[in-house]
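Lettering of chains follows the sequences in order, A, B, ..., and the numbering in each one begins at 1. We use all heavy atoms of the structure for the numbers below, so side chains are in, but hydrogens, waters and symmetry mates are not.
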Amino acid sequence: MAEEYNPHEIEAAAQRAWAAADCFSAEGDAAADTTLADDAFYCLSMFPYPSGQLHMGHVRCYTLGDVIGRFQRLKGKRVLQPMGWDAFGLPAENAAIKNGIPPARWTRDNIAYMREQMQRLGFAFDWSREFATCDPEYYRWEQWFFIKLYEKGLVYRKSSMVNWDPVDQTVLANEQVVDGKGWRSGATVERRELPQYFLKITEYADELLSALEDLDGWPESVKSMQRNWIGRSEGVEIDFAVAGVPADQSLLTVYTTRPDTLLGATYVAIAPEHPLGGLAAASDASLAEFIEDCKKVKAAEADLATMEKLGRDTGLKAVHPLTGRELPVWVANFVLMEYGSGAVMSVPAHDQRDWEFAQKYGLSIEQVVEPEPTAYDDPPRCDLTQAAYTAYGRLVNSGEFDGLDFTAAFDAIAAALEEKSAGRRTVNFRLRDWGVSRQRYWGCPIPMVHCDRCGVVPEREDRLPVLLPTDVTFEWVQSPLVNDAEFLNCTCPVCGGPARRETDTFDTFMESSWYYARFASPNSDDAMLDERAKYWTPVDHYVGGIEHAILHLLYARFYHKLLRDEGLVDSDEPFEQLLMLGMVLKDGKKMSKSAGDAGNPQKLLEKYGADAVRTAMMFAAPPEQSFEWSEAGVEGQSRFLKRLAQQVEQFRSNGTEAALDVAALSKAGKALRRVAHDALKRAEDDYGRRVQFNTVVSRVHELSNAIKDFQPEVDADRAAAQEALTFALMILSPIAPHVTQHLWEQLGHHELLATARWPAVDEQALVLDTVELVVQVNGKVRGRIEVAPDVQADAAQQAALSDPNVVRFTEGKTVRKTILVPGKLLNLVVG
RNA sequence: GCCUGGGUGGCGAAAUUGGUAGACGCGCCAGACUCAAACUCUGGUGGGGUAAAACCCGUGCCGGUUCGACUCCGGCCCCAGGUACCA
């Protein structure tokens, strides 16, 4: 029998051939000729955090990206497909604390191992552009850009909440707080305010929202998530005067999207950190204790939104701006100081949360909206003893505003407030400015300097980068920068006097927000980006996990606009088409969180080779779907690749190449040709338009099965088999590039398959003489008929009525309606 | 809690625009090869029903629209992702 399918030899040989031909280096950007941009294709998969080893989630993501890139190359595009490392982050510090290995070394070691795994998988990356975000050559430009933004007024400093571990005396990430306790110390975590740097992403809120409309290549679900996250709303800011407090604190401003319910406000709630709360607590020990207790909650929205709603009366009174009535001011643990003004008006009759709070504390519930009169039998419920009535309706108990509907009431009440200078219409966003400070070591140093004389000032451009020392030891959970005199001490960039460096580092989303542009402009020493970035960006196809649907993608979109406004790129959006991958799960959880060694593809690669792993992964599920990974499928795909190799070998052993003469083909030859061209056509559609690759693998299985069952009848049929095999290899090549390259050579092709051209479909080969129509009677399948493809309803009905089983169900009844779906089905409606 | 997805045989899935539910693969069963096993090959494989057919049921649950619903609409249940310091 034929030679054995030996993936290790075959794969090594194919990779040597690609390297020798240097066929994955992106060409043509040096010219930066935008007229050539049409055949340029930037294919990018989200770069990984170098956590130690690849897991199957990585294998899925990079195989999918590779399939897209390889397909585009077959279609004649010049493809840029780079790879690098999102190298800063928390796990490196955890490893350092645990094992005493410096984060830089740990990270570099991981990169080396994971790079080797990627190379083994045969991804068509342009490795000449590789970088890690912890390279000073990379992060220096991030520092440079931050200073540019600072100069433009897009950076500011303010206090904001962090999780504070009182035992370890350190700031914890949300992930490091488990059930309200520090994961290492076990101490109850407290919210604490720290001064931090913020980027004014809210200045771009309007554009980030409106530009979503034009992102036709993005999934609707992701756009919807971003829309909701940005959360544009139209409402009214309302001022409540507070009596008996210092003048500068006497105005309590709240924002509401429901000014129509203003007359139903029965109390005002403020955040625990609100200054008025502190004021009242000064003479109220139990209130002070309550406020202190409120801080013992993790600063994560999910926790705040699900905790028990608690509150205390401050004793203060807020004056209703329209009625003059005095409303009690309560401290409530669910009001966030960071969102809006840290105060809300409460209308228990028409807001469910306020209703529950009012029920709990015996606060007044006063209806001011009632359901619109309706023609329906079942009018909307409005029983305020059971729940709040939150729908829009008509105003009652609102004096001059009675009878107005939502829109009219909104306008009238807003106007009344504006007249009294006690309120104003505003557009509000849920989106908050981006806090970029992290109290961590392993990140990009924030290039700011603290000077006793000049205050907080940016470092001078010519002294960048502010280098992160890499030779450090973690003697303590705290960042080593805090006690590193050599790092800490510097001279003030303004006055030249002694000064201290900022010890916070950037949020790692800062690095991942512009790496795609840097890939297009690698080794640019004297600028953050050069003209090549304009040439390659925006990314044509961006591939990554659904877990990045909001934060990473929103920050990257924001950054792209910042780069644009700095003149560094010339497009408005960074990613034209977006493929959001579902999770690869292990025990029901995402791989990166739970897999460990169980997710490492290494053993599978050693046993079955890269092609079988890649094919099994692509075959397992459509890209956007999450699924539980199982190794069981790899064996099956390995078997399939072996069979395909045998089919090529068998074909070869039967003679030489044959020239195709369509007219000379037998019926079987034509049938095989139809299957081959149909597979080619559908594969092209699946690759290019549908971006669904599991069905491509199925299609090649079917084609291979058809080749197996094919019985040549005439000499000319050999050419049909050859064409079918050629197509099978072409179609499968983006998914299993090594073995298809090997078999491509066996079939006598001398060019590399990776850089060959995708063949054209012969539409003539697809034409059928007859088609099978399913015959339904009242929507149930009762028979099948063989008819001409263009058969008319009358003729089809006649043919159907020659089927005895169809007759059984139509006998003695009249055919009232006939529905013909050409090529598919005929439905006879009888009665 | 809120936002966004998902739920189809024993398992992964397919069904592209509302038109044959289960393509393709795994597993399993039977047979061939073998001293035997593994590999490989051939056939079968949603449930009920039948000698075999016919036929009936079936895409998380309840209801609706339609000649026809996995697909559209309303309500619910469960699972996953995100929730601003995991990346």
Q. What is the per-nucleotide protein-contact pattern of nucleotides 40-47 of chain B, from the 5' end, where B denotes a base atom under 4.0 Å from a protein heavy atom, S denotes such proximity for sugar-phosphate atoms only, and - denotes neither?
A. SSS-----
Could you go through residues 627-634 of chain A and list every donor-acceptor pair under 3.5 Å that involves a side-chain atom there, pairing it with any protein atom two or more places apart or in another chain?
residue: Glu628(A); atom: OE1; partner: Gly588(A); partner atom: N; Å: 3.1
residue: Glu628(A); atom: OE2; partner: Asp587(A); partner atom: N; Å: 2.6
residue: Ser630(A); atom: OG; partner: Ala632(A); partner atom: N; Å: 3.1

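For Leu304(A) and rU83(B), the CG to C1' distance is 11 Å, given to the nearest whole Å. A straight line from CD of Gln352(A) to P of rG1(B) spans 13 Å, rounded to a whole angstrom. Protein atom CG of Asn694(A) is 14 Å distant from nucleotide atom C1' of rG22(B), rounded to whole Å. Gln196(A) places its CD atom 14 Å from the P atom of rA84(B), with the value rounded to the nearest Å. Taking atom NE2 of His701(A) as the reference point, atom P of rC24(B) lies 11 Å away to the nearest angstrom. If you measure from atom CG of Asp678(A) to atom P of rU16(B), you get 14 Å, rounded to the nearest angstrom.
Considering only side-chain atoms of Leu585(A), the nucleotide from rA80(B), rA87(B), rU20(B) that sits closest is rA80(B). In this structure, the nucleotide among rC86(B), rC56(B), rA87(B) sitting nearest to the side chain of Ala173(A) is rC86(B). When the nucleotides rA15(B), rA80(B), rA84(B) are ranked by their closest atom to the side chain of Thr695(A), rA15(B) comes out on top. For Asn705(A), the listed nucleotide lying nearest its side chain is rC24(B); candidates were rC24(B), rU20(B), rU16(B).
Lys607(A) NZ: 12 or fewer foreign heavy atoms inside a 6.0 Å radius. Applying the 6.0 Å contact sphere to NZ of Lys824(A) captures no more than 12 heavy atoms from other residues, nucleotides or ligands.
Residue-level contact check: Gln439(A) touches the bases, meaning some heavy atom is under 4.0 Å from a base atom. Across all strands shown, Gly633(A) has no heavy atoms under 4.0 Å from either base or sugar-phosphate atoms. Nucleic acid contact for Phe509(A): base, since at least one base atom lies under 4.0 Å from a heavy atom of the residue. Within the 4.0 angstrom heavy-atom criterion, only backbone atoms of the sugar-phosphate kind lie near Val781(A); the bases stay farther away. Nucleic acid contact for Glu631(A): none, since no nucleic acid atom lies under 4.0 Å from a heavy atom of the residue.
Among pairs with a residue in residues 221-231 of chain A, those fulfilling salt bridge (Lys or Arg N to Asp or Glu O under 4.0 Å) read Glu213(A)-Arg227(A), Glu220(A)-Lys223(A), Glu220(A)-Arg227(A), at least two apart in sequence or across chains. Every pair passing side chain to side chain donor-acceptor pair (under 3.5 Å) that includes a residue from residues 771-787 of chain A is listed here, sequence neighbours excluded: Thr770(A)-Glu786(A).
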Q | For RNA chain B, the dot-bracket pattern of Watson-Crick and G-U pairs whose distances stay under 3.5 Å, | for other-strand partners | A | (((((((..(((......[....)))((((((.......))))))(((......)))..(((((..]....))))))))))))....
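When only modelled atom types and interatomic distance are considered, Gln352(A) and Glu356(A) share a side-chain donor-acceptor pair under 3.5 Å. When only modelled atom types and interatomic distance are considered, Gln692(A) and Glu624(A) share no side-chain donor-acceptor pair under 3.5 Å.
We find that Glu702(A) and Arg699(A) are joined by a salt bridge, their nearest charged nitrogen and carboxylate oxygen being less than 4.0 Å apart.
Ring centers of Tyr139(A) and Phe506(A): at least 6.0 Å apart, outside the cut-off. If you look at Phe357(A) and Phe334(A), their ring centroids are closer than 6.0 Å.
Annotation: side-chain hydrogen bond (donor to acceptor under 3.5 Å, both in side chains) contacts of Asp433(A) (sequence neighbours excluded): Tyr156(A), Thr202(A). Glu547(A) pairs by the side-chain hydrogen bond (donor to acceptor under 3.5 Å, both in side chains) definition with nothing, not counting sequence neighbours. Partners of Asp86(A) by side-chain contact (heavy atoms from CB on, under 4.5 Å), not counting sequence neighbours, listed by chain and number: Phe47(A), Thr133(A), Glu511(A), Ser512(A).
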For nucleotides 71-79 of chain B, tabulate all protein N/O to nucleotide N/O atom pairs closer than 3.5 Å, reporting atom names and distance.
none

For nucleotides 3-12 of chain B, give me every protein contact, N/O to N/O, under 3.5 Å, one pair per line with atom names.
residue: rC3(B); atom: O3'; partner: Asn228(A); partner atom: ND2; Å: 2.7
residue: rC3(B); atom: O2'; partner: Asn228(A); partner atom: ND2; Å: 3.1
residue: rG12(B); atom: O2'; partner: Ala620(A); partner atom: O; Å: 2.5

Between the protein and nucleotides 67-69 of chain B, which nitrogen or oxygen pairs are less than 3.5 angstrom apart?
residue: rC67(B); atom: O2; partner: Asn827(A); partner atom: ND2; Å: 2.4

List, with names and distances, any nitrogen or oxygen atoms from the protein found under 3.5 Å away from nitrogen or oxygen atoms belonging to nucleotides 51-54 of chain B.
residue: rA54(B); atom: O2'; partner: Arg808(A); partner atom: NH1; Å: 2.3
residue: rA54(B); atom: O2'; partner: Arg808(A); partner atom: NH2; Å: 3.2

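Between Tyr555(A) and the options Phe509(A), Tyr204(A), Tyr515(A), a ring-ring contact (aromatic ring centres under 6.0 Å, His included) holds for only Phe509(A).
Look at Lys309(A) and you won't find any side-chain N or O under 4.0 angstrom from OP1 or OP2 of rG1(B). A close approach under 4.0 Å does occur between a side-chain nitrogen or oxygen of Arg690(A) and OP1 or OP2 of rA15(B). Using a 4.0 Å cut-off, some side-chain N or O of Asn174(A) falls inside it from OP1 or OP2 of rA84(B).
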